[in-house]
Each structure stands twice: as structure tokens, then as C-alpha cells.
Amino acid sequence: MELSEFIVMVVDDTETNIDVLVETLGDQYDVRVAMDGETALEAVADEKPDLILLDIMMPGMDGYQVCEELKSNPETSNIPVIFLTAMTETQDEARGLELGAVDYVTKPFSPDLVKARVKNQIELKKYRDHLEDVVKERTRELLLTQEVTIESMGTLAEYRDPETGGHIKRTRNYVKRLAQHLSKNPKFEHLLDEKAIDILYKSAPLHDIGKVGVRDNILLKPGRLTEEEFEEMKLHTVYGHDAILINEKKLGEGSFLSVARDIAHTHQEKWDGSGYPRGLKGEDIPLSGRLMALADVYDALISKRVYKPPFSHQKAVEIIKEGRGSHFDPDMVDAFMEIAEDFRQIALEYADCEEEREMLSK
């Protein structure tokens, strides 16, 4: 970006001062002008200058007040401000710097000094903007890496269990919609902000990743499992936890995989403590696991399996309701009942077969 592409705003109530600064800087920068504080704030909001030369002693709003307004607004707080002043008292300079100014230029102006001060700040801004772009790009790459990692691992689990089909797509959307609705509840609003919900959505596909460790003759059995086989199937929650934990340790504490690990480990726990693998009870079950538990069961009910036909949406809703306070967190069920139709629409969108669509339409 050439220097001439940068906007420098001069704010001064004296035309002579403005003329000097425009003449000094006009051949290098796009110079804009305002002659009072109120006009300056309006112009800054519209034009977003790269640097502001701000007179202190002005009628109405003085420079200090204007600077304070600029720094209190997230949209303008990062615009560097150089004060223009005839004052030389150190306490006046200190006040300006405390408000966020980056430099002072005293009157009468020295053109060479003004050019040097402005150029220094513009170069600093160019450097900061470049760093911000680098950080944004790196953040984008990291987020993409997270998403690809989770998608890949979730797809691996889906390949091992061919009956699931759209299960991953449906359940991740159930979880997201349920979390969004719960976020309106004061009990959960601090836990379910936009970022947390996004992580839940991206992590949900890993809830059954542990099935890659279950033997084919059990995972792919065309019928109900024996008691012994079911005990081994239960271990998919442990396998999933352990597999994710290995990778989580490499990324460090607090990585995005911690939510995925909790989901994989606890989505089969029940509110009354009768679930597995640890028999957790109530709010000892992570919120992510409680959300996934309801989403997983609803989807199992409306899905066709070798050993069962798909249930109707209404039948699935009744079963979920009956599980309130036993299988499911009462708050999860209450929220689900309010948005059950959203679940049905998600299930219809990602249904695996016509028979499922027919039952969902009943």
C-alpha cells in the first residue's frame, strides 16, 4: 500500500493551521479536514482515517474529549492520534498520552517534523495491519485444520458403521439447535455462547469415534446384541475418550478436542446415574454429553435399523419426554419439547431412506 493511499484527517479550528498541514502532507497522503470535534467524530465514523492530527484547544468539544470518544469506540479505538498543541506543559502531554494519543506536534509547525512524525506512525500502522492480517490468516488455517480433523475422524467412524448414513449430519445439527435454544435460558447462557456452540457442532461427529475399536462381528451384527456383546459395545465410549485424549495432550490443555473427548466419553451416561461407562449422575455429566445423549437417542428412534423400523417423530418425542429426569437432563427435555419440530425438519433433510421420511411426516 502506497503512502498516498493512506487517509490522514486534520482536526483544527484555525484555517491557517489547516492550510499549513494540508500543504505539508497533501502530496503524500489523502488529507481530510474537520474544523470542530463533533464534525470530526462524524467524519471519522464515515471515512475511517489511518491517522488523526487533532488540535487540543477547540470550541465545543476539545481535543481531549474527542480523543476519549475515539478510544472508547471499538470501531475507532485503534486509529492513532497525534495531538496538535501550543502547550508545552508536561502534565498536558501526560494527559493526552493517558487518553491514548501516540505523539504530540507543537505549534508553530515544522513541516519536516510533521512529515517525520506522520510517516513514523503510518509505517507503524502498516506493520500492525500486516501483523493483524497474518494473525487472521493463521487463525483461519487453525480453524480449518480443526474442522478437517474432526470431519475426517467422524467419517472414519461412519465408515465402520455403514448403517448410520446421515446420522452424523443429523446429530450435529440437533446438538447445535438444542444448544442455541438452551442459550436463552439464564442457567446456560454463560456456557453456551456462539463460540461454544460452534465447537459443540464441530465436535459432535466424534461421539461414536470409539466404534473403530469394536470388533466387526459385534459392530456389524444384523440383530440385537447378547449381554456379553453389549458390554463390549459399551467400551466404544472408553475407546473414543482414550483416542481423543492422546491427540488432545499433543495440542495442550484447553484444546478444541476437550469437548469432543467429553462427548465421546459421556454421551451414553444417564441423568439418574444408570448409564455408562462411569455411571455419572445429574450435572456431573458434562453439558456436552447431556446434549449429545438426547440428540443421539432421538436419532436412533427415528432411524431404520436391521432390527427395527423407524419410529414416527411423535413416538420419538413421547419417548424422550418419558425419559425426563431419568435418562435425560430435565432442562434438555424441556428445551427439546419447545423445538421438537426443528428436530423433525433436520431429520427430514438428512433422512437416509423414504421409509424414514414417511414416518417423520406422520
**Prompt:** Is the charged tip of R172 near the ring of Y201: under 6.0 Å from the six-membered ring centre and within 45° of its axis?
**Reply:** yes
Hey, does [Y] have a side-chain heavy atom less than 4.5 Å from the side chain of [X]?
{"X": "T237", "Y": "T266", "result": "no"}
{"X": "V81", "Y": "V102", "result": "no"}
{"X": "S274", "Y": "K281", "result": "no"}
{"X": "T24", "Y": "Q28", "result": "no"}
{"X": "I197", "Y": "Q180", "result": "yes"}
{"X": "P277", "Y": "L235", "result": "no"}

[atom1]/[X]: more than 12 non-hydrogen atoms of other groups inside 6.0 Å:
{"X": "K308", "atom1": "NZ", "result": "yes"}
{"X": "K315", "atom1": "NZ", "result": "no"}
{"X": "E354", "atom1": "CD", "result": "yes"}
{"X": "R224", "atom1": "CZ", "result": "no"}
{"X": "E338", "atom1": "CD", "result": "yes"}

Within one Ile-Leu-Val-Met-Phe-Trp-Tyr cluster: [X] and [Y], side-chain cutoff 4.5 Å:
{"X": "L301", "Y": "M337", "value": "yes"}
{"X": "V22", "Y": "V118", "value": "yes"}
{"X": "L280", "Y": "V259", "value": "no"}
{"X": "L191", "Y": "F328", "value": "yes"}
{"X": "V214", "Y": "F230", "value": "yes"}

**Pairs where residues 33-60 contributes a residue and the test ring-ring contact (aromatic ring centres under 6.0 Å, His included) is met, not counting sequence neighbours** = none
**Fill in**
Sequence neighbours excluded, the answer for salt bridge (charged side-chain N to carboxylate O under 4.0 Å, His left out) partners of D342 is R177
**Request:** Under the salt bridge (charged side-chain N to carboxylate O under 4.0 Å, His left out) rule, collect the residues that match up with D13, sequence neighbours excluded.
**Result:** none
Lys/Arg-Asp/Glu bridge criterion (N-O < 4.0 Å) met for [X], [Y]:
{"X": "E189", "Y": "K184", "result": "no"}
{"X": "E355", "Y": "K304", "result": "yes"}
{"X": "K126", "Y": "D129", "result": "no"}
{"X": "R344", "Y": "E341", "result": "yes"}

**Message:** Considering only residues two or more places apart or on different chains, which pairs with a residue in residues 262-273 satisfy salt bridge (Lys or Arg N to Asp or Glu O under 4.0 Å)?
**Reply:** none
Give a yes or no answer on whether the side chain of [X] reaches the backbone of [Y] with a donor-acceptor pair at less than 3.5 Å.
{"X": "S77", "Y": "K71", "result": "no"}
{"X": "D299", "Y": "T171", "result": "no"}
{"X": "S326", "Y": "G323", "result": "yes"}
{"X": "S203", "Y": "I199", "result": "yes"}
{"X": "R32", "Y": "V10", "result": "no"}
{"X": "E229", "Y": "T226", "result": "yes"}
{"X": "D193", "Y": "A196", "result": "yes"}
{"X": "E356", "Y": "D352", "result": "yes"}

Test of understanding: with side-chain contact (heavy atoms from CB on, under 4.5 Å), list the residues that count as partners of [X], not counting sequence neighbours.
{"X": "A340", "answer": "H313, V317, F336"}
{"X": "A43", "answer": "M9, E47"}
{"X": "N17", "answer": "D12, T14, K107, F109"}
{"X": "E137", "answer": "R140, E141"}

**Asked** Between Y104 and F83, how do the two ring planes meet: parallel, tilted or perpendicular, split at 30° and 60°?
**Response** tilted
**Message:** Can you confirm whether the side chains of E349 and Q345 place a donor and an acceptor under 3.5 Å from each other?
**Reply:**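 Judged by distance alone, the side chains do not pair up.
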**Asked** Any side-chain donor-acceptor pair under 3.5 Å between D296 and H167?
**Response**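 There is such a pair (donor and acceptor under 3.5 Å, judged by atom type) between the side chains of D296 and H167.
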Which heavy-atom pair separates [X] from [Y] by the least distance, and what is that distance?
{"X": "S312", "Y": "I302", "result": "O-CG2, 4.3 Å"}
{"X": "S72", "Y": "E69", "result": "OG-O, 2.9 Å"}
{"X": "L70", "Y": "L41", "result": "CD2-CD2, 3.8 Å"}
{"X": "D331", "Y": "L182", "result": "O-CD2, 3.8 Å"}
{"X": "A264", "Y": "I209", "result": "CB-CG2, 4.4 Å"}
{"X": "I18", "Y": "A34", "result": "CD1-O, 4.4 Å"}

**Distance in Å, Q65 CD paired with L99 CG, rounded so as to fall on 0.5 Å steps** = 10.0 Å
**Request:** Before giving the answer on side-chain hydrogen bond (donor to acceptor under 3.5 Å, both in side chains), spell out for D19 and T16 the whole-Å C-alpha distance, their side-chain angles and the decisive distance to 0.1 Å.
**Result:** CA-CA 5 Å; D19 291 341; T16 303; 5.6 Å; no
**Item:** side chain to side chain donor-acceptor pair (under 3.5 Å) partners of N217, counting only residues at least two apart
**Value:**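 Counting only residues at least two positions away or on another chain, N217 forms a side chain to side chain donor-acceptor pair (under 3.5 Å) with R215.
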**Request:** Identify, with sequence neighbours excluded, every residue that meets side chain to side chain donor-acceptor pair (under 3.5 Å) alongside K234.
**Result:** E231
**Item:** Sole candidate of H241, H236, H327 that passes ring pair (Phe, Tyr, Trp, His ring centres under 6.0 Å) when paired with H267
**Value:**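 Single pass found, and it is H236.
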**Request:** Show which residues join Y127 in its hydrophobic cluster (side-chain heavy-atom contacts under 4.5 Å, direct or indirect), or state none.
**Result:**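 Under the 4.5 Å side-chain rule, Y127 groups with L131.
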Please table the atom pairs, donor to acceptor, closer than 3.5 Å between any side-chain atom in residues 283-293 and protein atoms at least two apart or in another chain.
residue : atom : partner : partner atom : Å
E283    : OE2  : K187    : NZ           : 3.2
R290    : NE   : I285    : O            : 2.9
R290    : NH1  : D329    : OD2          : 2.7
R290    : NH2  : I285    : O            : 3.3

**Item:** Pair R261-D242, salt bridge (charged side-chain N to carboxylate O under 4.0 Å, His left out): steps then yes or no
**Value:** CA-CA 8 Å; R261 172 171 51 81; D242 293 349; over 6 Å; no
**Asked** Would a line drawn from the ring center of Y174 to the ring center of F343 be shorter than 6.0 Å?
**Response** yes
**Request:** Run the numbers on I79 and K125 for side chain to side chain contact (heavy atoms under 4.5 Å, CB included), then give the verdict.
**Result:** CA-CA 9 Å; I79 301 175; K125 186 178 188 302; 5.9 Å; no
